[in-house]
**Student:** 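Structure provided below as structure tokens; questions to follow.
These numbers come from the heavy atoms of this one structure, side chains and all, not from hydrogens, waters or symmetry mates. These numbers were taken from a predicted model, which means no experiment stands behind them.
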Amino acid sequence: MLITRRLEFDAGHRIPDHKSQCRHLHGHRYAIEITLGGEIIQQAGDPANGMVMDFSEIKDLARQHLVDAWDHAFLAWAGDQPIVDFLQSLPEHKTVLLDCVPTAENLAQRAFAILDAVYRDTYGNHLRLERLRLYETPNCWAEAIRA
């Protein structure tokens with residue numbers, strides 16, 4: 001069984017080597033879809049009975065380990081020195097430094113790596129992260145899928 005939870009957050013970034021408008025500082029209303037696979041829990045009396053995982057728990061874990069850190073932050077490649085220097089000059093600015101350019105593809109791959117260890121098989125139902133889809137716009141997204 002596959003289940004998916006969608007969350008949204010706002011963040012800024014830039015793609016420094018890009019030849020279009022994306023090289024400028026800008027932001028997006030990102031959406032992240034977390035797809036988990038596992039067997040349906042069959043434990044009478046348990047609040048998760050009949051579920052793969054409670055959707056609210058999926059949300060809570062995603063927020064705790066990823067979304068709250070990225071929401072209303074500027075996602076910057078650590079090698080983009082002019083932007084890193086500028087952001088560091090802003091008192092208490094929320095900046096997330098990454099070891100990769102913050103493209104949709106890299107962010108999806110990074111988010112998958114972060115959340116893969118978070119969703120664990122706590123009920124013996126073989127729960128695991130199967131797919132993470134990151135929408136940069138309503139029409140453009142990247143997907144990281146378990147190999």
Side-chain angles (χ1 to χ4, degrees), residues 1-16 18 20-22 24-80 83-84 86-88 90-147:
M1 175 65 63
L2 295 175
I3 60 171
T4 301
R5 174 69 198 230
R6 179 184 173 103
L7 294 94
E8 296 181 357
F9 64 95
D10 299 295
H13 76 151
R14 85 173 190 130
I15 311 301
H18 206 268
S20 77
Q21 299 294 333
C22 295
H24 302 296
L25 303 178
H26 65 285
H28 296 282
R29 176 73 175 169
Y30 288 96
I32 186 169
E33 292 179 354
I34 299 158
T35 300
L36 303 175
E39 298 168 15
I40 297 172
I41 297 163
Q42 304 294 332
Q43 292 185 11
D46 190 293
N49 189 30
M51 303 175 186
V52 172
M53 182 180 215
D54 189 308
F55 285 119
S56 66
E57 190 175 354
I58 297 169
K59 176 185 173 183
D60 291 346
L61 288 169
R63 288 189 67 205
Q64 178 184 352
H65 294 277
L66 178 80
V67 174
D68 287 350
W70 288 10
D71 187 34
H72 284 82
F74 196 89
L75 309 175
W77 172 44
D80 190 356
I83 294 305
V84 171
F86 168 70
L87 294 171
Q88 288 175 341
L90 302 174
E92 300 181 39
H93 187 271
K94 188 174 180 184
T95 303
V96 175
L97 291 181
L98 303 165
D99 63 359
C100 57
V101 176
T103 60
E105 297 89 339
N106 282 336
L107 293 175
Q109 187 175 55
R110 179 60 35 105
F112 190 100
I114 291 167
L115 293 177
D116 189 32
V118 170
Y119 296 106
R120 294 188 174 87
D121 183 4
T122 56
Y123 286 94
N125 66 335
H126 308 291
L127 179 78
R128 69 183 194 169
L129 180 62
E130 294 292 343
R131 182 180 72 218
L132 187 136
R133 181 180 284 179
L134 181 80
Y135 288 86
E136 190 172 83
T137 72
N139 300 318
C140 301
W141 65 87
E143 224 169 48
I145 300 172
R146 179 170 300 285

**Student:** So does Glu33 have more than 12 non-hydrogen atoms from other groups sitting under 6.0 Å from CD?
**Tutor:**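 Yes.
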**Student:** Looking at CG of Leu97 and CD1 of Ile83, how far apart are the two atoms once the value is rounded to the nearest 0.5 Å?
**Tutor:**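 CD1 of Ile83 is found 11.5 Å from CG of Leu97.
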**Student:** Calculate, to the nearest 0.5 Å, the distance between atoms CE and CD belonging to Met51 and Glu57 respectively.
**Tutor:**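 Rounded to the nearest 0.5 Å, the CE-CD separation comes out at 10.0 Å.
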**Student:** Does Asn106 reach the side chain of Trp77, with side-chain heavy atoms less than 4.5 Å apart?
**Tutor:**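 They are not in side-chain contact.
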**Student:** With the threshold set at 4.0 Å, does a side-chain nitrogen-carboxylate oxygen contact exist between Arg63 and Asp71?
**Tutor:**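 Salt bridge flag = no for Asp71 with Arg63.
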**Student:** Under the side chain to side chain contact (heavy atoms under 4.5 Å, CB included) criterion, do Arg128 and Arg146 qualify, and how do the steps go?
**Tutor:** CA-CA 9 Å; Arg128 69 183 194 169; Arg146 179 170 300 285; 3.1 Å; yes
**Student:** Please report the interatomic distance CG(Leu115) to CD(Gln64), rounded to the nearest 0.5 Å.
**Tutor:**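 Leu115 CG to Gln64 CD: 10.5 Å, rounded to 0.5 Å.
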**Student:** Can you tell me how far the CG atom of Asn49 sits from the CG atom of Asp54, to the nearest 0.5 Å?
**Tutor:**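 These two atoms lie 12.0 Å from each other.
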**Student:** State whether the side chain of His28 and the backbone N or O of Tyr30 hold a donor-acceptor pair below 3.5 Å, judged by distance alone.
**Tutor:**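 No.
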**Student:** From Leu36 CG over to Glu130 CD, what is the distance, rounded to the nearest 0.5 angstrom?
**Tutor:**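 Going from the CG atom of Leu36 to the CD atom of Glu130 covers 8.5 Å.
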**Student:** CD1 of Ile3 to OG1 of Thr35: how many Å apart, nearest 0.5 Å?
**Tutor:**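 Rounded to the nearest 0.5 Å, the CD1-OG1 separation comes to 9.0 Å.
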**Student:** Would Asn139 and Thr137 satisfy side-chain hydrogen bond (donor to acceptor under 3.5 Å, both in side chains), going step by step from the backbone distance to the final call?
**Tutor:** CA-CA 5 Å; Asn139 300 318; Thr137 72; 5.2 Å; no
